[in-house]
Amino acid sequence: MTDAPTASARTTRPSTSGAAGTLSRGRLLVWLGGTTAALLASVVVTVAIGPAGLTPSDVAHVVATRLGLGDLLGIGAPDTLADGIVWQLRMPRVLTAAAVGAGLAVCGVVMQSLTRNPLADPYLLGLSSGASFGAACVLVLGWTAVLPVAAFVGSTAALVTTLALASASGRGAGGLSPARTVLAGLAVSQLAAAATSFVIFWSAKGDQYREILSWLLGSVAGATWTSVAVTAGAVLVLGTLLASTGSVLDAFTFGDTSAAALGVPVARVRWGLLLVVALLTGALVSQSGAIGFVGLILPHAVRLLVGARHRALLPLSMLCGATFLMWADTLARTVFAPRELPVGIVTAAIGAPVFALLLWKGRARS
Amino acid sequence: MTQVSDQARLEAGPRSTVAEPSAGRTSGAGLAAERVRWSVAGRLILDDVDVTAPPGAVTGLLGPNGTGKSTLLRLVAGVQRPDGGRVSLAGTASPDPVGAPGPSGAAREDLLAMPRRRRARTVAFVEQDAATELPVTVLDAVLLGRTPHRSLLAGPSEDDHTIARAALERVGALGLADREVTTLSGGERQRVHMARALAQAPRVLLLDEPTNHLDVAAQLATMRLVRELAREGVTVLAALHDLSLAAATCDHAVVLAPGASGHVVAAGPVEQVLVPEVIDPVYGVRTTVLRHPRTGRPVLTFEER
């Protein structure tokens, strides 16, 4: 790189508007409105897709009746079969997928910004491996009822271990550095993965293999209204909290030092946000397993569309993540119907090529 | 320029009533770090260091590698906490008299005790080689400087945009406003960082090797801007590598050296500090001081001993 001569620097060129990365308030509102509309439309359409031959208007009918709008709109009671399929089977699944997608995407943005690592995702600190270990244990024991609890406990234990390891190794050397935290997370991930493999190898039999594998790859096939309550509740509370930290995350653009010089309490913010990310990810993973690539790819894709400013990036990532995972799950249950794929296979199959494309485009740009 | 208050504050010139503007060792005016101590992993990096920077002047922080220049700047900026010592700033003429005058009587503010965000409105820090891989535009990068001036829940206001653009114009980089920072050259990036610091509307500007990796024209442009800011009343403390550049552009100099008791070998006006008696033992060289035929400022040349 060579330095441009500064002698002519005083002459200012007229600024070109609309370059990548700048998003005016009006355009941001358009984006937010558009992605919200896409999300709502996707809910109705993806619920309708499937072997029962429902139409989006059937879905709207059931939803309107269930929400108590039937009398108001003057429509009759929907078909019982349609009601059962829409309200008991598909709606919980689609909404869980939406909540998980939204949560993973926003966690991914926060993790990538906090660690200044473009490869960071919500599972970076060993959360998914810990959850998987907890889940594998109870699946082998046959206690499927406590699976979400075991997964949450596993992910929390992994997080605590990672942070303890990172701060112990960081003592006296300037405290907890992002690099050290990531490395500690890697160690914990590998250890938990080894433990999971051992449990499967040692004691799983027959169908348990498939059950555990499906969980390891991530799936929302078994979602109930309880899953919706857990995931959507976590996303509404913790996800919204994360989405409001745009200005703080922006201040980390040039690293910790510059954030501190801008008046941000760096250590407190980092620990606080890591904790919120961990809780949210733990809640999501407990219901859906470790669905990969959403938290890694979505932030990059949205950044490419609207730039790196977090005030736009965070809410848009949530909306796009929700829509993306709904469609990925719809593919997972329809491509090889009546056989179902774990949605993690679909997100990886879409995510890996997209990621390669992003890398290639990034190289072309710089 | 614009009529915005912060910008006006930037350009308002010296506001403190400084009794001895040319004195190098005054502890009563400008920025003062007193008996600052800092160690890492049991190794003492700064040992009771006293450094003062008079207001409205450029003070060069000099010394060989590893003498703690960067560390000292980080401590003054509040990025790190010193193990001991005091950092204070005189002449509180800010329109918002939140901080009561310290116990020392005179209106000295304790920078270390100041709330973070208020300190960030008082002191701006341009670190060395700050980079990002994110696709942020130059204007957004400069708007970061407004962070301590607004609520963290609010986005940048119209005023913030006006101030950021004025800062970019000031450093001659308004034409870069919509470029991505990652596509800039080293010199352009340095100007953007300066603009970000200006957008903070600080009373103290801390620069860590601001001319590193810059070509000669960019170095001179940077130092000219720094001198202009100083003339308008900003207290500038800049860690510099290049002794000749320091001699040509600084008003005052502080030389740090490893092992010296108190760390500070010499402090005062450049003509008195940048002399062979000070430099030779610190750097292990033989220095000859010449006069610049046109500016009359000292020019330093070096030989091995």
Side-chain angles (χ1 to χ4, degrees), chain A residues 1-23 25 28 112-113 116-118 171-175 244-248 250-266 269 303-304 307-313 362 365-366, chain B residues 40-42 74 77-80 115-121 123-125 127 130-137 139-141 143-145 147-148 150-155 169 171-175 177-180 182-183 185-188 191 193 196 200 206 213-215 217-218 220-222:
Chain A
M1 229 183 254
T2 53
D3 296 329
T6 43
S8 62
R10 279 277 167 191
T11 60
T12 52
R13 282 178 279 133
S15 68
T16 52
S17 59
T22 321
L23 197 60
R25 200 158 297 172
L28 173 59
Q112 287 172 4
S113 301
R116 304 214 329 130
N117 182 346
R171 187 146 300 146
S244 69
T245 58
S247 291
V248 179
D250 278 343
F252 280 85
T253 303
F254 291 99
D256 287 9
T257 300
S258 102
L262 290 173
V264 173
V266 170
V269 163
R303 218 176 265 129
L304 219 55
R309 281 196 319 195
H310 288 89
R311 286 170 54 76
L313 183 59
R365 199 174 41 182
S366 58
Chain B
V40 59
R74 293 165 66 84
V79 172
Q80 277 159 343
R116 278 168 220 281
R117 283 165 61 75
R118 204 159 100 79
R119 184 168 56 220
R121 292 193 293 269
V123 181
F125 178 35
E127 59 179 318
T132 186
E133 290 181 359
L134 294 173
V136 286
T137 62
L139 182 63
D140 285 341
L143 277 170
L144 291 180
T147 308
R150 60 181 162 84
S151 151
L152 284 178
L153 288 176
E169 185 167 26
V171 302
L174 190 54
D178 292 321
R179 287 266 301 276
E180 279 185 24
T182 46
T183 67
S185 72
E188 291 169 333
R191 274 188 275 158
H193 287 311
R196 180 162 53 94
Q200 269 175 270
L206 305 172
H213 308 311
L214 299 190
D215 63 34
L220 293 177
T222 300

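So that the names make sense, note that chain A is the first sequence line, chain B the second, and so on, each numbered from 1. Treat the numbers as computed from the prediction; the structure is a model and nothing was measured.
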| message | Does any backbone or side-chain atom of B:Ala124 lie under 4.5 Å from a heavy atom of chain A? Answer side chain, backbone, both or neither. | response | neither
| Side chain, backbone, both or neither: which part of A:Pro118 has an atom under 4.5 Å from a heavy atom of chain B? | side chain
| Pairs of heavy atoms under 4.5 Å with chain A: top-ranked of B:Leu134, B:Thr147, B:Leu152, B:Leu143 | B:Leu152
| query | Which one of B:Ala154, B:Ala141, B:Ser151 has the most heavy-atom pairs closer than 4.5 Å to chain A? | reply | B:Ala154
| task | Work out which heavy atom in A:Val264 is nearest to a heavy atom in A:Ala251; give both atom names and the distance. | result | CG2-CB, 3.6 Å
| How many angstroms lie between atom CG of A:Leu262 and atom CZ of B:Arg119, to the nearest 0.5 angstrom? | 12.0 Å
| request: Determine the minimum heavy-atom distance between A:Ser247 and A:Arg311, stating which atoms define it. | output: OG-CD, 3.9 Å
| said: At a heavy-atom distance under 4.5 Å, which candidate from B:Ala77, B:Ala131, B:Pro115, B:Gly78 has the highest pair count against chain A? | reply: B:Ala131
| said: Ignoring hydrogens, what is the shortest heavy-atom contact between A:Ala308 and A:Arg303? Give both atom names and the distance. | reply: CA-CG, 3.8 Å
| remark: Residue from A:Ala259, A:Gly255, A:Ser258 scoring the most non-hydrogen pairs under 4.5 Å with chain B is A:Ser258
| said: Using the side-chain hydrogen bond (donor to acceptor under 3.5 Å, both in side chains) criterion, which residues pair with B:Arg74? Sequence neighbours excluded. | reply: A:Thr257, B:Gln80
| field | Distance under 6.0 Å and angle within 45° of ring axis: A:Arg116 vs A:Phe254 | value | no
| Contact origin within B:Ala130 toward chain A - heavy atom pairs under 4.5 Å | both
